[in-house]
Amino acid sequence: MKLYNSLSHEKEEFKTYEPGKVSMYTCGPTVYHFAHIGNLRSYIMEDVLEKALRWEGYEVKRVMNITDVGHLSSDADTGEDKMLKGAHREHKTVLEIAQFYTDAFFDDCKKLNIKYPDVVQPATGMIDSYIKVITKLIETGYAYFAGGNVYFDTSKLKKYYVFNDHDVEALEVGVRDSVEEDPNKRNKNDFVLWFTKSKFEDQALKWDSPWGVGYPGWHIECSCISMKFLGEHLDLHCGGIDNAFPHHTNEIAQSESYLGHPWCTHWFHVHHLNTASGKMSKSTGEFLTVSLLEEKGYDPLVYRLFCLQSHYRKALTFSWENLDNAAAAYDKLVRRIAALSAGGAVAATAQEPWRTQFREALDNDLNTSLAVTALYDVLKADLSDADKRALIADFDRVLGLELLEHAAALAKKESAALVGEEAGEIEGLIAQRAQAKKDKNWAEADRIRDELKARGIELIDTKEGTAWKKL
RNA sequence: GGCGACGUAGCCAAGUGGUAAGGCAGAGGUCUGCAAAAUCUCCACCCCCAGUUCGAGUCUGGGCGUCGCCUCCA
């Protein structure tokens, strides 16, 4: 499988440290607000990557952190979420709030058919590890104590900017007005490993440490959690493109300085979901959640398809028109699959060309758009329905669109005509209409159809008779 | 200002030197009493200007434009 690697800026053949096994780390959510669908785009694409690796026969161990450190008690007040306000009103602790949003995050993931990681580790449960790693970094000269905080000394590194070639001097200081320069830093790029003195005096969670009571810096958690569960050699590290700098850059600095050897070989960055006005984020207004999509009547899997139709390394623009587009496509896809007959002979060799087409799409830097095309090609192919179903089931192990399940549900809904009181009545009306049609009483036939339509029942005439479904 | 990604039809999008996949929307045909569904057909001078090449959406140079990051919204 060829994958683009942010370290080399090229598509490379993906290799693992241990043959056949993939150690995969994903930056998890910060849990003091709901995840928006832009955040979730990353998790969807990472899920597809994980499933593609498994589909190709790899054994994958995936680890995700939960960032529950860094809950400024004042931060909560800026949110408009009722649960959060409620939590405060009811004197819930920040950890309870974190738990609430952690659950909300995994609920969203479940709706989007994102597999639960093999290991999920909250950052607050790893304080001893951070202290251990920071202690060693100080001992080996990579970190220093100044003004109450422990900093990582980036001047000790041969190469700090691993993803981009920044010229330190060319970087403008304070491009953003809100950023203040920290006088304790020896170098412009140094970053904090452990805080005891912070401009955020209202930090809610604090722990004792050799450097005083405080809390860990915001990069150390990923290094430590990854090393604890996946060892000293990581195959694949994922995250949103916005994490590449400084978060991932700093992770590499810490981890490799601590380990004394190269750490993670492959970096997978998912690009942003934009709205017409720019990146989707808390601050820029449009903040769409999975629940909101559901309220508007969209199946969350429609959003998954929307993401799959694009490439993970390309900015994707969200609009309701585009989502409607995906919804129509999904609906049609499911209906075409539902129309496939259940029986028939399976001929594995006949399926092979399409399986190959699908594999080649995935192998080409996870080209999900082409993978979806392979799905359409199967539907159009000269194959038995049984073969088509088998291929669709196989592809869906990666795509995760629950196509056969939804098709089955659709068929069930349509055949549910035979049960229930209301259904009996509808069947009666359909029979009346059939009689009217036989009598060529078109006005009466259309009247019955319109009456049912007004009740939300759509009739579909086929050669075998009239089927119906709820709109 | 620095670094990076990207610019293909109304919309999403594939394409990594050889006469532009696929999906949605749209138009037309078939099938239906009509509709719906299904199915078939149609729909692109690839941001601009130079260059390399027998041949460029695809490579090179220069523009223009969009987006992201530039230390605490992982």
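From a predicted model like this one, the values you see are computed outputs, not experimental measurements. Here is how names work: the chains are called A, B, and so on, in the same order as the sequence lines, proteins then strands, and each is numbered from 1. Values below: every heavy atom of this structure, side chains too, minus hydrogens, waters and symmetry copies.
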B:C45 pairs with which nucleotide, Watson-Crick or G-U wobble, both distances below 3.5 Å? none

For B:C12, does the base pair up with any side-chain atom of A:Asn322 as donor and acceptor (N or O, under 3.5 Å, distance only)? no

Is there a side-chain polar atom (N or O) of A:Lys185 under 4.0 Å from OP1 or OP2 of B:C72? no

Are A:Glu46 and A:Arg62 close enough for a salt bridge, meaning some N to O gap below 4.0 Å? yes

Who does B:U19 pair with, Watson-Crick or G-U, both distances under 3.5 Å? none

Counter-base of B:G68, judged by Watson-Crick or G-U geometry with both distances under 3.5 Å: B:C3

Can you say whether a donor on the side chain of A:Asn274 sits under 3.5 Å from an acceptor on the base of B:G68, or the other way round? no

Rounded to whole Å, how long is the line connecting atom NE2 of A:His33 with atom C1' of B:C73? 6 Å

Integer-rounded Å distance: B:C72 P and A:His248 NE2: 17 Å

Could you state the atom-to-atom distance from CG of A:Leu333 to P of B:A37 in whole Å? 16 Å

Any-strand Watson-Crick or G-U partner of B:C59, both distances under 3.5 Å: B:G51

Whether the A:Thr317 and A:Asn274 side chains hold a donor-acceptor pair (N or O, under 3.5 Å, no angle test) is what I'd like checked. no

Considering every strand and a 4.0 Å limit on heavy-atom distances, what is the contact class for A:His271: base, sugar-phosphate, or nothing? sugar-phosphate

Starting the side chain at C-beta, find the nucleotide from B:C6, B:A74, B:C72 nearest to A:His247. B:A74

Check whether any side-chain N or O of A:Arg313 sits under 4.0 Å from OP1 or OP2 of B:G4, and answer yes or no. no

Return the pairing partner of B:C73 with a 3.5 Å limit on both distances, Watson-Crick or G-U wobble; otherwise return none. none

Could you grab the distance from atom OG of A:Ser223 to atom OH of A:Tyr25, nearest 0.5 Å is fine? 8.0 Å

Identify whether any heavy atom of A:Gly28 sits under 4.0 Å from a base atom; if not, whether one sits that close to sugar-phosphate; answer base, sugar-phosphate or nothing. sugar-phosphate

Please determine if A:Asp299 and A:Arg304 form a salt bridge, counting it only when a charged side-chain N lies under 4.0 Å from a carboxylate O. no

Is it the case that B:A35 (base atoms only) and A:Arg449 (side chain only) share a donor and an acceptor within less than 3.5 Å, ignoring hydrogens and angles? yes

Which part of the nucleic acid, if any, lies within reach of A:Arg433 when heavy atoms closer than 4.0 Å are counted: base, sugar-phosphate only, or nothing? base

Which is true for A:Asn364 with a 4.0 Å heavy-atom rule: it touches a base, it touches only sugar-phosphate, or it touches nothing? base

Let me know, please, whether A:Asp365 or A:Trp442 comes out on the 5' side of the other along RNA chain B by nearest nucleotide. A:Asp365

Grab the NZ-C1' distance between A:Lys314 and B:C11 for me, whole Å please. 13 Å

By side chain to side chain contact (heavy atoms under 4.5 Å, CB included), which residues pair with A:Lys388, not counting sequence neighbours? A:Leu340, A:Val378, A:Leu383, A:Asp385

Atom CG of A:Asp242 to atom P of B:A74: distance rounded to whole Å? 6 Å

Rounded to whole Å, the CG-P distance (A:Leu308 to B:A13) equals 13 Å

What orientation do A:Tyr160 and A:Phe191 show, parallel under 30°, tilted 30 to 60°, or perpendicular over 60°? parallel

Paired with B:U39 by Watson-Crick or G-U wobble geometry, both distances under 3.5 Å: which nucleotide is it? B:G29

Heavy atoms only, 4.0 Å cut-off, all strands: where does A:Glu221 land among base, sugar-phosphate and nothing? base

Pair listing, ring pair (Phe, Tyr, Trp, His ring centres under 6.0 Å) test, anchored in residues 357-380 of chain A, at least two apart: A:Trp55-A:Phe358, A:Phe358-A:Phe395

RNA chain B nearest-nucleotide lookup for A:Asp446 and A:Ala315: closer to the 5′ end is A:Ala315

Under 4.0 Å between a side-chain N/O of A:Ser310 and OP1 or OP2 of B:A13, yes or no? yes

Mind running a 4.0 Å heavy-atom check of residues 368-381 of chain A against RNA chain B and sending the residues that fall below it, in number order? A:Ser369, A:Leu370, A:Thr373, A:Tyr376, A:Lys380

Could A:Arg449 and A:Asp446 be called an ion pair, given the rule that one side-chain N must be under 4.0 Å from one carboxylate O? yes

Does the gap between the ring centers of A:Phe306 and A:Tyr330 come in under 6.0 Å? no

Take the protein atom CG of A:Leu459 and the nucleotide atom C1' of B:C34, then report the distance between them rounded to whole Å. 13 Å

